[in-house]
Amino acid sequence: MLPKILPALVHPARRSPGSTPAHTSGDSTSRVSGEAPGRTTGHERLLAGVEHATGIPVDAATATRLGAIPETDPNAVAAALTGVLPGRFAVTGTLDRRLLFAERASQASGWTIADLSGQEHLTRSWPQWAQDRIQIATPQTWLSAGEVSEEAAQRLLRPRVLLAALYHPEWFPLPRFPLAISDLARAARSTLIGQVTLMDMQLGATLDDIRAAVDDLAPDVVGVSATFGQHDLMIELLDDLFGSPRPPLVLAGGSLTARNEGLLLKRYPDLMVARGAGEPTIADVLSHFHGDLERDQIRGIGYTGAARGGGLMIARPATRGEQSTLVRPLPSAALRTATLPNRAVTEILPELDLLDATFDHHGVAQLETSRGCTSACSFCPRSHKGKWAPGGAQDLDWILDAMRTVFDRHPGISRTLYLVDEEIIGRGDDAVPRIRAIAAALQAAGLSWESSCRIDQVVRPDRDRDWHLERAQLWRDLVEQGLRRMLFGVESGVSSILERFNKDTTSDQNALAIRTLSALGVPTRYTYITFDHLMDADELAATHAFQGRTDLLLRPLPHLSVEEIIDGIDDPQFVAAHQTGRAFYTGISYMLVSMECLSGAAYTRAVQARGLTRTARPSMGRVDAEFADWRIGACSHHAQLWIDRSFALDYTAKSLEKILNGQPRDLLHQARVTIRHAAYVVLTEMLALIDRYSAQSAGRTEALRLKGNLQAVLDGELAELTTRMATVVNAALPALPDDAQALLKAEYERWRQPQPWRLINAAEACGT
Ligand code: SF4
């Protein structure tokens with residue numbers, strides 16, 4: 001789209017009708033042209049830009065040095081240009097439209113402005129602030145001379161922005177590409193304001209490294225991203241930042257901070273908490289730095305201060321049951337500005353600065369094609385639930401191409417992309433064409449993929465046979481086109497529990513969908529909440545029975561038509577003829593998971609209404625709660641101890657499984673199934689124990705006796721598991737590449753050492 005501001009960007013003196021538009025008129029380096037024939041890669045265009053600025057050819061050593069730097073890392077490019085360019089310069093803009101601004105050598109004067117994508121300057125949506133501050137001589141070229149006002153030069157270079165993602169690597173030993181800060185980096189760079197540096201504790205950076213970077217870079221803006229379990233790291237870093245003599249502007253975001261906003265604002269009155277999609281917020285923070293916006297005009301923040309403009313103070317209800325009210329703000333009140341709905345956030349793609357480092361650390365590539373979901377699960381407090389918004393599937397080609405280039409540099413990593421959408425298919429008339437377009441783009445890029453969606457994308461009781469046939473064909477085609485695995489949050493196989501969870505699904509629907517997917521050969525993962533605070537012993541027994549069903553996972557039936565499969569899945573004879581005999585729990589990603597009472601969720605309110613909630617833990621975004629049946633509560637606690645005992649090993653096996661293919665991947669999967677099998681045995685023994693105790697409130701002696709029994713169950717099954725894991729791990733290790741082998745071996749050795757049973761307070765977000 002031609003930007004409205006374009007005429008102001010064109011230096012009138014440089015326009016000469018009849019002159020070759022591709023050339024920079026009045027240029028002393030006439031051999032350098034805006035068309036730059038033969039300059040077909042970003043690297044070649046960078047060299048052309050450098051030559052344009054210096055007026056001399058780039059020497060071979062410098063060209064080689066620049067050529068070795070990935071285009072995905074603009075800070076490394078900028079570091080390499082230091083000393084090469086004659087004056088101030090900025091490498092800015094997003095990966096697909098990277099820009100070089102460079103002051104030219106004295107004989108030429110002015111600035112070089114090079115769009116390293118090779119697209120004409122006039123095709124860029126220039127930010128509003130550039131109007132009247134940047135003038136481009138030949139906007140119909142990608143390489144032009146121009147004028148950059150002093151104020152514009154300051155904006156290109158400041159603020160210095162440091163975006164840091166916090167992690168406990170001991171809980172999550174293998175990384176995932178840090179999408180949150182990478183999305184923010186893209187949003188920030190798209191404004192052409194400032195310089196952005198990214199750091200992620202998953203990738204080897206420690207808190208001390210982040211502190212050292214703060215000392216070295218002296219950032220004007222620090223963005224900190226934290227999910228559940230990182231409150232301690234967040235507090236340590238924020239204490240440091242706000243304890244410094246001249247604190248930067250600090251923006252905290254992530255699923256944890258959105259939920260403990262009040263706590264953070266009380267402790268750090270100058271903090272800004274990002275409450276929704278961070279892209280508009282970071283862009284506004286940069287504008288705020290340059291005085292274009294007041295703080296209360298920054299979209300989607302919580303902050304402390306007197307309200308102006310759109311700020312609203314949320315008054316907490318005085319008593320339970322009373323409504324929250326909006327009241328006139330007072331000084332030092334906690335204030336909020338309006339968030340931008342997901343559907344209005346058009347850009348959800350990342351910068352790729354850290355993708356190489358992610359692969360170096362055996363991590364996985366991640367991307368999003370949509371935001372929000374079509375569900376309204378009662379246990380979920382996310383503001384975007386039920387509000388699904390597609391990203392532009394048509395915009396994926398360039399980012400997939402860029403990712404493929406990074407994959408090329410890491411041939412040992414499986415070319416698999418994790419689409420971390422909470423609901424990849426979504427809704428609406430174009431849902432099917434949209435997912436088909438995404439699959440086609442991924443296939444064209446040579447990438448396989450994994451993602452998540454709802455079970456009602458497979459089976460819907462309110463839809464007819466034709467709808468199910470169309471969906472069955474879709475699933476088959478997606479697998480054909482590279483779908484490697486799909487996660488379904490079934491969460492339960494018991495209808496009364498599904499109702500309580502507001503999943504809008506039934507046990508039968510889940511059973512039919514699991515059969516359909518397995519018969520169609522769709523590789524799946526299922527998440528399942530085994531324990532919840534409001535369940536009774538019959539529901540737990542029904543849960544155990546569903547997880548142990550052997551009539552759900554059918555053999556892949558590629559020789560049957562979709563009609564034969566859809567018509568067969570509720571026919572007992574068909575099922576008997578094709579079932580694998582494998583229990584359903586072998587397909588559950590993490591066994592024995594318990595409900596978490598997250599602050600603000602409808603489920604938590606239901607638990608509160610039963611008088612079961614206890615201490616609020618704002619640092620974790622949740623509330624402690626008793627179980628309605630004390631025996632189930634004791635089982636849930638011990639189940640969590642069981643999960644945490646093997647979490648790091650299971651997570652390592654899962655993460656390596658994600659980046660490997662073929663036999664090594666199968667062997668790692670076998671190790672995970674072995675852990676699931678042991679978990680099912682634990683659940684079976686727990687049920688037997690429950691029967692030996694009364695549901696009535698326990699006395700201390702009874703509670704201690706059950707605790708002792710449960711401890712014995714865990715100890716006994718861990719001993720069994722240790723023997724079985726020795727066999728499966730020793731079988732897997734020789735098949736793994738050296739680095740994966742070393743990782744698994746180290747984690748396995750740690751795991752097999754005697755350890756006390758303890759909780760680690762780690763939790764994963766929906767769909768991971
Ligand atoms: S738990 Fe996941 S699927 Fe359910 S409402 Fe929340 S975001 Fe949506």
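Remember, it's 1-based here, ligands and their atoms both numbered in the order they're listed.
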Show me which atoms of ligand 1 lie under 4.0 Å from any heavy atom of [X].
X	answer
Phe379	1 (S)
Glu422	2 (Fe), 7 (S)
Cys380	1 (S), 5 (S), 6 (Fe), 7 (S)

Ignoring hydrogens and geometry, is there a side-chain-to-backbone donor-acceptor pair from [X] to [Y] under 3.5 Å?
X	Y	value
Glu423	Ile425	yes
Ser451	Leu419	yes
Ser518	Arg515	yes

Legend entry - Contact partition for Cys373 relative to ligand 1, non-hydrogen atoms under 4.0 Å: side chain

Inset, instruction - With side chain to side chain contact (heavy atoms under 4.5 Å, CB included) as the test, would you mind laying out the steps for Ile235 and Asp232 before giving the verdict? - result: CA-CA 5 Å; Ile235 293 294; Asp232 53 338; 5.9 Å; no

Inset, instruction - Measure from atom 4 (Fe) of ligand 1 to every heavy atom in Ser378, Cys377, Ala376 and give the option owning the shortest one. - result: Cys377

Inset, instruction - Could you tell me whether Phe531 and Trp642 have their ring centroids closer than 6.0 angstrom? - result: no

